[in-house]
Undergrad: 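Below you'll find the structure I mean.
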Amino acid sequence: MTGTWLKSGDATTDAPLRLFCFAHAGGGGGFFRPWRELLLPEIEVCPVILPGRETRVAEPAFRSMADLIGPLCAGLAPQLDRPYALFGHSTGAAIAYEVARRFQDDPARAPRRLLVSGRRAPHLAARRPPFAGLADDDFLRVVAELGGTPEEVMRQRDLMRMFLPALRADFHLNESYRPLPGPRLRCPLSGFTGDHDPEVTPLELRLWETTSDGPFRMRVYDGDHFYLAGLPEPLRSDLREDLRDDIKMPRQTVS
């Protein structure tokens, strides 16, 4: 891939912990931009930009997790020169989980914590039928129903059709995803969801606990699938609490 996985200027502060953030299907790094100033100086938010989105819009988007994880981890590896954690929302939770597993057995690059949001545990079957292959109008209708895309953007049909290939790729990746071969997690794991999220129940979120030998914490907030937009104060406080011990840890040395 020719683009960069982080926006220029990210991963450049002296914050003792980096938080790499992965957005939902159809989302981009901009979803996490409001988080940056709210979590500094202790935590540096580094939204990950996948091909087909934002500054990488000209690149073809990945359609499978197996194809994505290798290039993604190779792109992130140079930035793992200090303690870090991974946060993923919805489809991004599955991506963050696979990244954590890929680096799990390298002491210099293992994550301090995995934080997952708005997604069932990876071994659970999908609740809704696949829709990535629907006709354009039907596909866009379902995307609009899921939320996460501003109404004013959804109304610009020409703009939406320009982004259709990347959108379809995102949802195809999500719908085709099954956990990849790899080690069991050992890091601490945190789970977050809204109490009115139609995509996941608290019980389905709690089953993430079975994916790691590390301790598990779960929080449920007032809100729907996008309860986390803008980083409301309860979530901000809980992120700081969960990452407090990791912030105190010394920097890693990456060879």
Side-chain angles (χ1 to χ4, degrees), residues 6-7 10-11 13 15-50 53 82-97 99-100 111-122 146-150 174 185 187-209 211-212 214-249:
L6 302 179
K7 183 181 178 182
D10 285 353
T13 74
L17 182 83
R18 287 183 177 138
L19 182 63
F20 295 101
C21 296
F22 300 85
H24 52 282
F31 185 79
F32 295 104
R33 292 294 165 202
W35 293 31
R36 187 172 173 85
E37 294 303 319
L38 294 172
L39 290 177
L40 283 172
E42 297 87 359
I43 302 168
E44 181 180 29
V45 173
C46 299
V48 176
I49 304 172
L50 300 182
R53 309 181 191 186
R82 68 186 62 192
Y84 75 96
L86 302 161
F87 182 98
H89 178 63
S90 197
T91 299
I95 298 173
Y97 170 64
V99 171
R112 301 301 195 190
R113 180 178 290 269
L114 172 64
L115 306 103
V116 295
S117 168
R119 188 181 180 89
R120 299 175 306 282
L146 291 174
T149 305
N174 180 59
L185 287 176
C187 66
L189 199 154
S190 297
F192 308 92
T193 189
D195 60 357
H196 293 94
D197 189 336
E199 300 300 310
V200 60
T201 67
L203 176 59
E204 291 170 328
L205 180 72
R206 182 170 289 282
L207 288 174
W208 276 95
E209 184 175 17
T211 67
S212 179
F216 177 78
R217 295 174 181 171
M218 188 176 90
R219 298 340 192 284
V220 180
Y221 304 95
D222 180 24
D224 58 17
H225 193 55
F226 292 98
Y227 74 92
L228 70 167
L231 191 60
E233 170 54 34
L235 175 59
R236 181 162 76 246
S237 176
D238 290 339
L239 287 175
R240 287 189 176 278
E241 179 179 346
D242 284 4
L243 295 170
R244 184 175 295 121
D245 292 340
D246 306 319
I247 291 171
K248 297 175 183 177
M249 290 183 176

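For reference, positions follow the sequence shown, starting with 1. What's counted below: heavy atoms across the whole structure, side chains too, no hydrogens, waters or symmetry copies. Please read these numbers as outputs of a predicted model, since none were measured by experiment.
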Undergrad: Taking atom CG of Leu205 and atom CG of Asp197, what is their separation to the nearest 0.5 Å?
TA: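 If we round to the nearest 0.5 Å, Leu205:CG and Asp197:CG are 9.0 Å apart.
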Undergrad: After noting the C-alpha distance and the side-chain angles of Asn174 and Arg119, does the key distance pass the side-chain contact (heavy atoms from CB on, under 4.5 Å) rule?
TA: CA-CA 11 Å; Asn174 180 59; Arg119 188 181 180 89; 2.6 Å; yes
Undergrad: Look at Arg18 together with Asp10 and state whether they make a salt bridge at an N to O cut-off of under 4.0 Å.
TA: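 Here Arg18 does not pair with Asp10 in a salt bridge, since their nearest N and O are not under 4.0 Å apart.
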Undergrad: Does the side chain of Phe32 reach to within under 4.5 Å of the side chain of Leu19, using non-hydrogen atoms?
TA: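 Side chain of Phe32 against side chain of Leu19, heavy atoms only: no contact under 4.5 Å found.
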Undergrad: Verify whether one side chain among His196 and Asp224 offers a donor that lies under 3.5 Å from an acceptor in the other.
TA: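 There is no such pair (donor and acceptor under 3.5 Å, judged by atom type) between the side chains of His196 and Asp224.
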Undergrad: At their closest point, which heavy atom of Ala96 faces which heavy atom of Phe22, and how far apart are they?
TA: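 Closest pair (atom of Ala96, atom of Phe22, distance): CB-CD1, 3.8 Å.
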Undergrad: Can you sort out the partners of Tyr97 under ring-ring contact (aromatic ring centres under 6.0 Å, His included), two or more places apart, ordered by chain and number?
TA: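 Here the qualifying residues are Trp208.
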Undergrad: Would you please classify the geometry between the Phe31 ring and the His89 ring as parallel, tilted or perpendicular, with 30° and 60° separating the classes?
TA: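 Because their plane-to-plane angle is under 30°, the rings of His89 and Phe31 count as parallel.
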Undergrad: Going through the distances and angles, do Arg36 and Lys7 end up as a side-chain contact (heavy atoms from CB on, under 4.5 Å)?
TA: CA-CA 12 Å; Arg36 187 172 173 85; Lys7 183 181 178 182; over 6 Å; no
Undergrad: Are Arg82 and Pro16 close enough that some pair of their side-chain heavy atoms sits under 4.5 Å apart?
TA: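 No, their side chains stay 4.5 Å or more apart.
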Undergrad: CG of Leu115 to CZ of Arg217: how many Å apart, nearest 0.5 Å?
TA: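 If I round to the nearest 0.5 Å, the distance is 10.0 Å.
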Undergrad: Could you grab the distance from atom OG1 of Thr193 to atom NE2 of His225, nearest 0.5 Å is fine?
TA: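 Reported value, rounded in 0.5 Å steps: 8.0 Å.
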Undergrad: Decide side-chain contact (heavy atoms from CB on, under 4.5 Å) for Val48 and Leu6; before the verdict, give the C-alpha distance in whole Å, the side-chain angles of both, and the deciding distance to 0.1 Å.
TA: CA-CA 5 Å; Val48 176; Leu6 302 179; 4.2 Å; yes
Undergrad: Please round to the nearest 0.5 Å and tell me the distance separating atom CG of Leu243 and atom CZ of Arg112.
TA: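 Here the interatomic distance stands at 11.5 Å.
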Undergrad: Rounded to the nearest 0.5 Å, what's the gap from CD on Glu42 to OG1 on Thr13? Could you check?
TA: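 Between Glu42 CD and Thr13 OG1, I get 10.5 Å after rounding to 0.5 Å.
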Undergrad: Minimum heavy-atom separation for Ala23 and Gly28, please, with both atom names.
TA: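 Heavy atoms only, the tightest pair is CB-O, 3.6 Å.
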Undergrad: I want to check something: taking the side chain as every heavy atom from C-beta on, are Trp35 and Ile43 in contact at a cut-off of under 4.5 Å?
TA: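 A side-chain contact under 4.5 Å is absent here.
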Undergrad: For residues Asp195 and Gly223, report the shortest heavy-atom separation together with the two atoms involved.
TA: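 Closest pair (atom of Asp195, atom of Gly223, distance): OD1-N, 3.0 Å.
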Undergrad: Please report the closest heavy-atom contact between Leu185 and Ala100, naming both atoms and the distance.
TA: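 Leu185 and Ala100 have their closest heavy atoms at CD2-CB, 3.8 Å.
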Undergrad: Which heavy atom in Arg113 sits nearest to a heavy atom in Asp242, and how many Å separate them?
TA: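 In terms of heavy atoms, the two residues are closest at NE-O, 3.2 Å.
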Undergrad: How close do Glu44 and Ala11 get, heavy atom to heavy atom, and via which atoms?
TA: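 Minimum heavy-atom separation between Glu44 and Ala11: OE2-N, 2.9 Å.
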Undergrad: Under 4.0 Å between a Lys/Arg side-chain N and an Asp/Glu carboxylate O for Glu233 and Arg236?
TA: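 Yes.
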Undergrad: Under the side-chain contact (heavy atoms from CB on, under 4.5 Å) criterion, do Leu39 and Leu231 qualify, and how do the steps go?
TA: CA-CA 9 Å; Leu39 290 177; Leu231 191 60; 3.9 Å; yes
Undergrad: In terms of ring plane angle, is the pair Tyr227 and Tyr221 parallel, tilted or perpendicular, where the classes change at 30° and 60°?
TA: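 Tyr227 vs Tyr221 ring planes: parallel.
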Undergrad: Mind checking the OG-CZ spacing from Ser117 to Phe226? Nearest 0.5 Å is all I need.
TA: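 Answer rounded to 0.5 Å: 9.5 Å.
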